[in-house]
Amino acid sequence: MQIESDFFLQDTELVAKKLIGHYLCRETDEGLLSGIIVETEAYLSTNDPACHASRGKTRRNATMFGPPGRAYVYFIYGNYYCFNVVTGPVGSGEAVLIRAVQPVEGKKLMIKRRGNKYSEKNLTSGPGKLCQAFAIDKHFDGHHLRDKPLYLLSNDGTAEIGTVKSTPRIGLSVAKDKLLRFIAEGNEYLSR
DNA sequence: GTTAAGATCTGCT
DNA sequence: GCAGATCTTAACG
């Protein structure tokens with residue numbers, strides 16, 4: 001099912017929590033890829049120094065200040081991309097980082113895109129990995145996530161995700177204490 | 001123009 | 001479990 005247009009206007013923490021169990025879909029020339037979102041993190045505009053938007057608008061984070069429901073993709077550590085969904089009204093500068101998905105369709109293609117080196121559990125269990133597996137790069141920055149070839153679908157009841165739990169965020173040097181990471185508890189495809 | 005740090009991953013020990 | 005790879009971005013001179 002398609003996501004309601006005002007879904008991303010809710011509180012960012014709530015959106016991050018509710019996105020667990022939603023589907024991420026990617027259409028490529030070689031076939032359809034899809035997965036169930038099992039791990040997210042919320043990045044807030046207020047009282048959150050770990051958020052890229054916390055020091056004002058820059059060229060990199062401009063998309064975060066734009067309309068909600070779009071992709072914010074950025075390059076990190078010289079090798080990897082991170083994929084976020086912009087939330088909140090225009091100008092708020094908040095987003096949800098998609099950290100891990102459970103592969104559903106196109107596993108074979110994901111394995112190929114990851115270099116034919118890894119098993120199913122090591123394809124999309126981290127922000128850099130899932131961008132590689134789903135062929136998400138910088139040109140999707142600003143892309144509307146209801147449009148092909150990269151879009152989100154709400155959980156129609158087929159995705160079984162169990163209990164959603166909140167934990168501290170991963171990989172930060174500041175604001176590590178905040179419980180803004182959300183996971184499908186016990187899922188085998190989490191980043192850790 | 002120059003530099004330090006980063007929402008990570010992989011390979012080796 | 002830990003350090004290295006690797007380069008863009010943003011802050012500073």
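Everything quoted here is computed from the prediction, not taken from an experiment. By convention in this document, chain letters (A, B, ...) are assigned in the order of the sequence lines, proteins followed by strands, and residues within each chain are numbered from 1.
With no hydrogens or angles considered, a side-chain donor-acceptor pair links A:E120 and A:Y189 at under 3.5 Å.
Taking the 5.5 Å centre cut-off and the 30° plane limit, the aromatic side chain of A:Y77 is not classed as stacked on B:dG6.
When atom types are taken as modelled, the side chain of A:D141 and the backbone of A:V73 share a donor-acceptor pair closer than 3.5 angstrom.
Rounding to whole angstrom units, CG of residue A:L130 and C1' of B:dT8 are separated by 12 Å. One can place OH of A:Y81 at 11 Å from C1' of C:dC7, the figure rounded to the nearest angstrom. Here C:dT9 presents its P atom at 6 Å from CZ of A:R59, a figure rounded to the nearest Å. Spacing between atom OH of A:Y43 and atom P of B:dG6 amounts to 13 Å, rounded to whole angstrom units. We find that NE2 of A:H52 is positioned 9 Å from P of B:dT8, with the value rounded to whole Å. Atom CZ in A:R114 sits about 9 Å away from atom C1' in B:dT10, given to the nearest Å. Note: OH (A:Y74) to C1' (C:dT8) measures 12 Å, nearest angstrom. Taking atom NZ on A:K57 and atom C1' on C:dA11, their separation rounds to 20 Å, with Å as the unit.
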Determine, stepwise, if the pair A:E30 / A:R113 fulfils salt bridge (charged side-chain N to carboxylate O under 4.0 Å, His left out).
CA-CA 11 Å; A:E30 299 175 276; A:R113 287 201 52 80; 5.4 Å; no
Take A:D147 and A:R70, measure what salt bridge (charged side-chain N to carboxylate O under 4.0 Å, His left out) needs, and give me the verdict at the end.
CA-CA 10 Å; A:D147 299 332; A:R70 304 204 307 189; over 6 Å; no
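With the nearest nucleotide of DNA chain C identified for both A:N61 and A:N79, A:N79 has the one nearer the 5' end. Summary of the strand contacts: A:K117 and A:G171 both lie near DNA chain B, and taking for each the nucleotide with the nearest heavy atom, the more 5' one is attributed to A:G171. Nearest-nucleotide mapping onto DNA chain B: of A:N122 and A:L172, the residue sitting toward the 5' end is A:L172.
Between A:Y118 and the phosphate of B:dG11, there is a side-chain N or O to OP1/OP2 separation shorter than 4.0 Å. Remark: A:S191 is not in phosphate contact with B:dT8, judged by side-chain N or O atoms under 4.0 Å from OP1 or OP2. One finds a side-chain N or O of A:R60 lying less than 4.0 angstrom from the OP1 or OP2 phosphate oxygen of C:dA10. One finds a side-chain N or O of A:R99 lying less than 4.0 angstrom from the OP1 or OP2 phosphate oxygen of B:dT8. OP1 or OP2 of B:dT8 has not a single side-chain nitrogen or oxygen of A:R192 nearer than 4.0 Å.
No engagement by A:F83 is indicated, since no non-hydrogen atom pair under 4.0 Å with the nucleic acid exists. Among the atoms of the strands shown, none is found under 4.0 Å from any heavy atom of A:R181.
Across B:dT10, C:dT8, B:dA7, the shortest atom-to-atom separation from the side chain of A:Y80 is found for B:dT10. For A:K138, counting side-chain heavy atoms from C-beta on, the closest listed nucleotide (C:dT9, B:dA7, B:dC9) is C:dT9.
Salt-bridge formation is not detected for the pair A:D11/A:K18: no Lys NZ or Arg NE/NH1/NH2 atom is positioned less than 4.0 Å from an Asp or Glu carboxylate oxygen.
With a 6.0 Å cutoff to the six-membered ring centre and a 45° limit on the axis angle, A:R26 does not count as a cation-pi contact of A:Y151.
The pairing partner recorded for C:dA10 is B:dT3, the criterion being a Watson-Crick or G-U wobble arrangement whose two distances lie under 3.5 angstrom.
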